[in-house]
Amino acid sequence: MGYLLCSLFFNQSSELLIMMIATIQKDLASTNVHEIVIGLTALTKLMNSSIVGSVADSVLKLMSHQTDIVRKKTLLVIEKIQKVSPGYIS
């Protein structure tokens, strides 16, 4: 619910997004598939160039996750990273 609210009220240039990095990273490192998917979905809506460096490693690690929905959402986030910061992931 919190990520939905943030995606509605924050724009991608909001400085408050930097404060959300720790929460998103915690969700990406979770063992619960639902928390991971929620974190990835939030990243597709909230990604900007200032948080790419903080979450890119966590996102790339999820490419080898055993669940297909996590891998699919991870690809969407990687696509968003390429749009926001071209060349960051090679």
Side-chain angles (χ1 to χ4, degrees):
M1 189 75 162
Y3 289 136
L4 176 62
L5 183 69
C6 290
S7 68
L8 291 174
F9 290 109
F10 297 163
N11 60 22
Q12 291 181 342
S13 62
S14 176
E15 293 181 8
L16 295 174
L17 293 178
I18 295 171
M19 296 170 53
M20 291 181 50
I21 291 173
T23 305
I24 292 172
Q25 287 176 332
K26 182 183 69 97
D27 287 343
L28 296 180
S30 175
T31 56
N32 185 334
V33 173
H34 301 292
E35 289 179 6
I36 297 170
V37 169
I38 289 170
L40 289 169
T41 303
L43 280 175
T44 60
K45 303 291 183 192
L46 301 171
M47 180 71 68
N48 65 25
S49 59
S50 64
I51 65 173
V52 167
S54 302
V55 297
D57 290 337
S58 300
V59 169
L60 291 174
K61 288 178 186 175
L62 292 173
M63 280 302 298
S64 60
H65 197 272
Q66 68 268 13
T67 309
D68 61 343
I69 188 70
V70 172
R71 293 190 304 268
K72 289 176 185 177
K73 291 285 187 179
T74 301
L75 285 173
L76 293 173
V77 173
I78 290 172
E79 180 183 12
K80 183 70 173 188
I81 290 172
Q82 290 290 34
K83 286 181 183 178
V84 171
S85 290
Y88 189 84
I89 298 175
S90 55

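Partners of Q82 under the side-chain hydrogen bond (donor to acceptor under 3.5 Å, both in side chains) rule, at least two apart in sequence or in another chain, do not exist in this structure. For the side-chain hydrogen bond (donor to acceptor under 3.5 Å, both in side chains) test, no residue two or more places apart in sequence or in another chain qualifies with S49. Evaluation of the side-chain hydrogen bond (donor to acceptor under 3.5 Å, both in side chains) rule for S50 yields N48 as partners, not counting sequence neighbours.
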CA sep, side-chain torsions, deciding dist, call: L43, I51, side-chain contact (heavy atoms from CB on, under 4.5 Å):
CA-CA 9 Å; L43 280 175; I51 65 173; 4.3 Å; yes
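Under the 4.5 Å side-chain heavy-atom criterion for grouping Ile, Leu, Val, Met, Phe, Trp and Tyr, L46 is connected to L75 within one hydrophobic cluster. A continuous path of hydrophobic side-chain contacts links L28 to M63 [ILVMFWY only; heavy atoms under 4.5 Å]. A single hydrophobic cluster is seen to contain both Y88 and I24, as judged by linkage of ILVMFWY side chains at heavy-atom distances under 4.5 Å, directly or through other members.
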Using atom types as modelled, flag every donor-acceptor pair under 3.5 Å from a side chain in residues 29-42 to any protein atom, sequence neighbours excluded.
residue	atom	partner	partner atom	Å
S30	OG	N32	N	3.0
S30	OG	E35	OE1	2.7
N32	OD1	H34	N	2.8
T41	OG1	V37	O	2.8

Side-chain polar contacts of residues 55-62 - donor-acceptor pairs under 3.5 angstrom, sequence neighbours left out - could you list them?
none

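Under a 3.5 Å cut-off, the side chain of R71 and the backbone N or O of Q66 do form a donor-acceptor pair. The closest donor-acceptor contact from the side chain of S85 to the backbone of I81 lies at 3.5 Å or more, if one exists at all.
Taking OG1 of T44 as the start and NZ of K83 as the end, the distance is 10.5 Å to the nearest 0.5 Å. Taken to the nearest 0.5 Å, the CG atom of D27 stands 9.0 Å off from the CE atom of M20.
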